There are 2 protein chains.
Amino acid sequence: MASRSDVLELAVLGLLHEAPMHGYELRKRLGAVLGPFRALSYGTLYPSLRRLSERGWIAESDRPDDTARPASRRARIVYELTAAGTERFEHLVRDAGPASWDDDSFDVRLAFFSRTAVEVRIRILEGRRSRLEERLEQVSNALARNRERVDRYTLELQRHGLESVQREVRWLNELISAERDRPAGPATAPPATPPPAPSSPPSPPRPRPTTAPADPTSPT
Amino acid sequence: MASRSDVLELAVLGLLHEAPMHGYELRKRLGAVLGPFRALSYGTLYPSLRRLSERGWIAESDRPDDTARPASRRARIVYELTAAGTERFEHLVRDAGPASWDDDSFDVRLAFFSRTAVEVRIRILEGRRSRLEERLEQVSNALARNRERVDRYTLELQRHGLESVQREVRWLNELISAERDRPAGPATAPPATPPPAPSSPPSPPRPRPTTAPADPTSPT
DNA sequence: GGTGCGACGTATCGAGCCGATACATCGGCG
DNA sequence: CGCCGATGTATCGGCTCGATACGTCGCACC
């Protein structure tokens, strides 16, 4: 329910919600949303478009996209949301389960916050925070458990990682209180800033993780 | 040359360099090295062990691993490094190309710093830093280019991401000068701390990226 | 005035990764 | 004594990535 696929689905649907687009452009815009790094490959995008199409969320559009020039039409395939797709997108945005606290997922959620109701936004931010707090705890435990048996460098890495997570928690706290101060968010048309830029934002640097804290498939 | 596979290869070889081990245990230790999150699945590990085995880097060991109890032997398969594997590991450690500046790669490299010559360590740290500086530049450009057309939340995300990267650069700078002050590193036996803990370090929290800056498969 | 190059654009293939799952044995606990 | 959870090895389907193929367009350079 929250693999890369689902994130991709949300992102594609969200972008097409803004405007019909063809694959190549989607990919560029996607880079901005997923984080400019980890932009996905065509080997992922095209099959994915086909899947979404089969499920009926998206469909090829006839309109030449740029109506002005009928002559030079290349073989581009413009996709647009279907009615079902729109509904699906709205459902995905509204229903923010624990999956949306994940690293990858969270960024994409943030990218569509303008389309998200205030209470959902808060739920996501708080969920993300609690996720990070779990990590914090696990790492601290781990650190305490074998403080002296660990390599100098590993220790440094852990320290840095721990600090980064703490900073993100603080950042989330700020976002949350900003959200709380906000009057009351209309579900779909947020007051904040103008709707997401129609033009593609290149997107930010990923602080990049420095070793995650807790997965522990392995108990102990 | 630097896909997940190669990182995995380095990590497995490195762990077996410390002591022979069987799959299950490798996986746990791997979690500590790769970053507790992103621990790899068995669907990855076992096929990978087979590949390494086919290439002759590792081999099954006969020794019961825990020689004490001959009776209760379960069907565990203990692997150990072959001579070729040892050589391969040392080659990998020595030869730190641009691939080792990557997010995933870098952590694993750090984990084996104790086995790495000082000049190589510095090369890796500086490489990592320059990689981050590239991102910094790209994101700043991007930010400058469309400062006002972007969503409030996207902007926040970028800000936070930018800051995280800057902090990591500072962290790297500290590590680099610490390395410079170090007398002169014997190639394989570093003076720093006792050799890597024989027991498994739980590993640190990944600050977690907040949107990477620059991939740009798409040239602007 | 051709020709080469880089952007745009769609698409597939092989290799590999992930999550779930299947099996099996062991130690302990009620 | 039966059940559960940890230890162990292993595979399968679905998806992803990176490389690559193929093709068009505009235009800069000589």
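Letters A, B, ... mirror the listed sequences (proteins, then strands); counts begin at 1. Computed from heavy atoms alone, side chains included, the values below leave out hydrogens, waters and symmetry copies. What you see is a predicted model; the values in this text were computed from it and never measured.
Atom C1' of nucleotide C/dT10 and atom OH of A/Y79 are separated by 9 Å, given to the nearest angstrom. Atom C1' of nucleotide C/dT25 and atom OH of B/Y24 are separated by 13 Å, given to the nearest angstrom. Atom pair A/D104:CG and C/dC18:P shows a separation of 13 Å (rounding to whole Å applied). The CG atom of B/L26 sits 15 Å away from the C1' atom of D/dT7 (whole-angstrom rounding). We find that CG of A/D6 is positioned 12 Å from C1' of D/dG14, with the value rounded to whole Å. Distance B/L30 CG to C/dC18 C1': 15 Å, rounded to the nearest Å. Per the geometry, CD belonging to A/E9 stands 15 Å off C1' belonging to D/dG14, to the nearest Å. Here C/dA11 presents its C1' atom at 9 Å from CD1 of A/I77, a figure rounded to the nearest Å.
With D/dA10, C/dT10, C/dC17 as the choices, the nucleotide that has an atom nearest any side-chain atom of A/H22 turns out to be C/dT10. Distance from the side chain of B/S5 is smallest to C/dC17 among C/dC8, C/dC17, D/dT11. Here the side chain of B/Y42 is nearest to one of D/dT7, D/dT9, C/dT10, namely D/dT9. Across C/dA11, D/dC17, C/dC17, the shortest atom-to-atom separation from the side chain of B/L8 is found for C/dC17.
Partners of B/Y79 by ring-ring contact (aromatic ring centres under 6.0 Å, His included), not counting sequence neighbours: none found. B/R50 meets the salt bridge (Lys or Arg N to Asp or Glu O under 4.0 Å) test with no other residue; sequence neighbours excluded.
Salt-bridge annotation for B/E90 and B/R115: absent, with no side-chain N of the basic residue lying under 4.0 Å from a carboxylate O of the acidic one. Remark: B/R51 does not engage B/E54 in a salt bridge, criterion side-chain N to carboxylate O under 4.0 Å. Under a 4.0 Å N-O distance rule, the pair B/E163/A/R167 qualifies as a salt bridge. Residues A/R128 and A/D102 are not paired through a salt bridge, judged by the lack of any N-O separation under 4.0 Å between the basic side chain and the carboxylate.
To the nearest 0.5 Å, atoms OG (A/S140) and CZ (A/R135) are separated by 13.0 Å.
Listed by residue number, A/T44, A/R51 are the residues of residues 44-57 of chain A with a heavy-atom contact under 4.0 Å to DNA chain D.
Backbone-only contact: A/G23 has heavy atoms under 4.0 Å from sugar-phosphate atoms and none from a base.
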